[in-house]
Amino acid sequence: MSDTLTDAQLWRDRYRLMVLMRRFEEACLTGVASKEIHGELHTAIGQEAIAAALAEHIRDGDSLASTHRNHLHAIAKRIPLHPLMAEIFEKETGLCGGFGGHMHLFDRERRFSTTGIVGASLPVALGHAYAAKISGRDSVAFAVIGDGSVNTGGFHETMNMASVLGLALVVIIENNEWAISVPFSAASSTPTLAERASAYSAPGERVDGLDVDATSAAIGRAVAHARSTGPAIVEAMCYRFRGHYEGDLDLYRSQTEKTDRTTTKDPVVLLRAQLRDSGMLDEATLGELEAEASAEIDAVLAAVRAESQPDRSLAHDHVFASGLTVDFGTKGAVA
Amino acid sequence: MTDTAVAPRNINISQAVAEGLRLAMEDDDRVLVIGEDVATQGGVFGSTRGLLKAFGPQRVLDTPISEMAFTGMAVGLAMEGYRPVIEIMFVDFIGVCLEQVYNAIAKIPYMSGGRVDMPVVIKTAGGSIGAAAQHSQTLWGLFGHLPGLRVVAPSNPYDSKGMIAAAVASNDPVVFIEHKGLLLERAQDFEFGANVPREAYDVPLDKAAVVRPGSDLTLVTLSGSVRHALTAADAAILSGVDVEVIDLRSIVPIDWDTIGASIAKTRSLLVVDEDYLGYGLSGELITGAIERFGLGSLDYVGRHGNPGVPVPAALSLERQIVPGTESILNAIVRAGAAR
Ligand SMILES: Cc1ncc(C[n+]2csc(CCOP(=O)(O)OP(=O)(O)O)c2C)c(N)n1
Ligand SMILES: [Mg+2]
């Protein structure tokens, strides 16, 4: 562990945030079991350290474009937990009134968006980065993507253009070794994704994404480069703990490997042990932080559960911002 | 529509569009123009000429050949409060960036529950000019099929300037489809919409125009086909068919008031569409007319357009596939006989 371990408050915050993220995802899992969330759900259990590290660098004026596996990025961007969870639970109180759902989260004020289309967040981040440049703001555009995203054409176009224009873009790749059933090793022409940065005259750094401290430091370096020069890439190594989506039988992975990785390489468990063993935080403090985080999530979950889905009469709203409606003589319920 | 007392200015449609953009950019500094060859060259058809000089390289951005990236950029820029106009040089190229158009630009207002609007103009050129299968499509039916996009295709200089201005001012995303066969035509060569005032004005995005009154047959068409339809309609007088020609101007939404008023008079509807006939605008117009005005409101419906064939290269083949004056006249005569 690094020298920053001397800062007990920092480590309390980090640990609490990572536990909160884990509890948040676990709360979402209960929504799948109870069928309150219908459709697929992607959780980022096992990837908390990366989002927690991002949270330390991303400022309110910065933007963040995320993916289908986005809940923890939203938390890192300080999207309030209640509307966030309510949207995932398809409630009228959700961030988008229940029109978006867990893959389509939008918060304009916080410059946050997600997309269910792999690779499609990158060009959006490019737009934020260009906006920062031409409006003379020093904000950074962040895009968090999976290892699979890096193989899309959008990655190449975005990195090239960001480099040509010298834009403040930080791309954080959560390399969880899998893109649904295809392993990273079978999908990448390069042994690391970080090294692809050199094609765009950008720095790329691979880091242990289970280590919040190392990841935070790497993101810090990327942000500094982005502000002064142009795009930078951080490839944070991690492991997808659950199936690609809830309900995925996940038969394509070795169960032994999965059990081993999820039990011996859990970033939350590892951090807890480090903090306790080093004497940074004692058992009682760790327990308190866990209880606090759990209570916070429990309260949000209870509130969300009590709320309603949007009234079905609203289904035709918002197709056009202007209020234009295109009716086919069949407006109303499904004909 | 125009003041016929004033001689038309010696400009073409591209210049009219560029003038509309320039005035919109003067009026609102959140408006940006982004695309390939739009800055230094002023567009391969000249429809962004002069903008770089007037507004500089940040607001008028020449991009690498990266449609996916710059179309998605428009999404991020719109979320930041800008009003980007992105140019897809030929509408045929939309295949490489349709993702950002239909999954992001068109849907974000809805997916966000009305919290995030997308004031983006997708400006592009379509239509046949002898460039064959990959550079001749119009594709407005494709865009019209996708929820969340306004789709317009002007047919003359006056509308081109006024509609690009209205598109930029719209808080909805607008697909603005120019016709390559019209862009370089001089204003004075147009029978209608030839006079382009120098000052700023808007032409509504949702109104069709009756460009030739008639009593026997309602011919609804748009974009490059309007001229051909007018010529054919003049010739059809000899066959005893008095055609009312409607320039649709907007594919989404469709101006049913104008069409309904015409059908009430003629009880006959012929759609002339340069786009593919299948699953497209012509079917939408005919079905929509029946839904709205009733089965009993029409004695005749017909459509004439691209019969679901890639646009061929040889002129002899192209003429067989793309509606022209002669083929439209034939369609009118058939309609007249069938009434
Ligand atoms: C363009 C596109 N292709 C395919 C999919 C289906 N899909 C959703 S997630 C996914 C795998 C993504 O892998 P990765 O980027 O590594 O993210 P992870 O799921 O591992 O977080 C695929 C193929 C999609 N949503 N979009
Ligand atoms: Mg992955």
Side-chain angles (χ1 to χ4, degrees), chain A residues 63 65 87 92 94-101 103-109 111-113 115-117 119-135 141 152-154 156-162 164-165 310 314 317-322 324-330, chain B residues 30 32 34 56-59 61 63-82 84 96-97 99-100 103-104 106-119 144 147-150 170-173 205-206 252-254 256 284 287-288 290-292:
Chain A
S63 62
E87 189 60 35
E92 64 182 353
L95 193 62
C96 303
F99 285 74
M103 268 195 287
H104 315 107
L105 305 171
F106 300 91
D107 186 329
R108 184 184 188 140
E109 284 65 41
R111 296 187 162 87
F112 178 74
S113 69
T115 175
I117 309 299
S121 54
L122 290 156
V124 176
L126 187 68
H128 284 287
Y130 190 61
K133 176 179 170 143
I134 63 178
S135 61
T152 66
H156 166 66
E157 289 192 10
T158 300
M159 284 303 300
N160 180 64
M161 229 170 125
V164 164
L165 295 169
L314 301 176
D317 290 0
H318 309 308
V319 179
F320 289 94
S322 63
L324 170 70
T325 53
V326 177
D327 84 86
F328 294 91
T330 54
Chain B
R30 299 169 302 171
L32 312 173
I34 297 172
Q58 291 201 332
R59 291 185 65 194
L61 179 67
T63 67
I65 304 164
S66 300
E67 282 85 359
M68 213 188 298
F70 73 73
T71 306
M73 246 176 116
V75 176
L77 285 163
M79 287 201 278
E80 295 270 357
Y82 285 95
V96 301
C97 59
E99 154 50 28
Q100 295 289 347
N103 271 324
K107 287 181 191 162
I108 284 176
Y110 189 82
M111 294 192 293
S112 68
R115 289 155 177 85
V116 182
D117 55 9
M118 283 284 127
L149 299 170
R150 285 180 183 263
S170 168
N171 286 335
D172 300 326
L205 294 176
D206 55 359
V252 178
I254 291 170
W256 289 109
E284 191 58 44
T287 313
I290 292 169
E291 277 175 343
R292 278 169 188 77

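Note that these values count all heavy atoms, side chains included, but never hydrogens, waters or copies made by symmetry. Residue numbers start from 1 in every chain, and the chains themselves are labelled A, B, ... in the order their sequence lines are given, proteins ahead of strands.
- Judged by distance alone, with hydrogens and angles left aside, the side-chain atoms of B:E80 form no donor-acceptor pair with the main-chain N or O of A:A132 at under 3.5 Å.
- Taking B:T71, B:V252, B:T63, B:L61 one by one and counting their heavy-atom pairs under 4.5 Å with chain A, the maximum is reached by B:L61.
- The shortest distance between side-chain heavy atoms of A:P123 and B:V75 does not fall below 4.5 Å.
- Contact of B:V96 with chain A is not made at all, since no heavy-atom distance falls under 4.5 Å.
- Neither the backbone nor the side chain of A:D107 comes within contact range of chain B; no heavy atom of the residue lies under 4.5 Å from a heavy atom of that chain.
- With hydrogens and angles disregarded, a donor-acceptor distance shorter than 3.5 Å links the side chain of A:Y130 to the backbone of B:Q58.
- Only the side chain of A:V326 comes within contact range of chain B, with heavy atoms under 4.5 Å apart.
- Taking the side chain as every heavy atom from C-beta outward, A:S113 and B:M79 approach each other to under 4.5 Å.
- Looking only at heavy-atom pairs under 4.5 Å with chain A, the residue among B:I108, B:D206, B:N171 that has the most is B:I108.
- Taking all atoms of both residues into account, the shortest heavy-atom contact from A:E157 to B:A69 is OE1-N, 2.8 Å.
- Across B:P84, B:P109, B:S112, the residue that shares the most heavy-atom pairs under 4.5 angstrom with chain A is B:S112.
- For B:E284, the part lying near chain A is the side chain, with the backbone staying farther off; criterion is any non-hydrogen pair under 4.5 Å.
- With a 4.5 Å cut-off on non-hydrogen atoms, B:A104 does not touch chain A at all.
- The main-chain N or O of B:G113 is found under 3.5 Å from a side-chain atom of A:H318 such that the two form a donor-acceptor pair.
- In this structure, no portion of B:I254 lies under 4.5 Å from any heavy atom of chain A.
- Between the side chain of B:R115 and the main chain of A:L95, a donor-acceptor pair closer than 3.5 Å is present.
- Both the backbone and the side chain of B:D117 come within less than 4.5 Å of a heavy atom of chain A.
- Closest non-hydrogen pair, B:E99 versus A:A120, comes out as OE2-CB, 3.4 Å.
- When all heavy atoms of B:R292 and A:D327 are compared, the closest pair comes out as NH2-O, 2.5 Å.
- Chosen from A:P310, A:A131, A:G100, A:G153, the residue pairing most often with chain B at heavy-atom distances under 4.5 Å is A:A131.
- Counting heavy atoms from C-beta outward, A:S135 and B:Y82 have side chains that approach closer than 4.5 Å.
- Heavy-atom pairs under 4.5 Å with chain B were tallied for A:G154, A:S322, A:G97, A:A321; the largest tally goes to A:S322.
- The shortest non-hydrogen separation linking B:F70 to A:M161 is CB-CE, 4.1 Å.
- A distance of 8.5 Å separates CD1 in A:I134 from CZ in B:R59, rounded to the nearest 0.5 Å.
- Atom-to-atom distance recorded for B:M68:CE and A:T152:OG1 is 7.0 Å, nearest 0.5 angstrom.
- Across B:Y110 and A:F99, no two heavy atoms sit closer than the pair O-CB, 3.2 Å.
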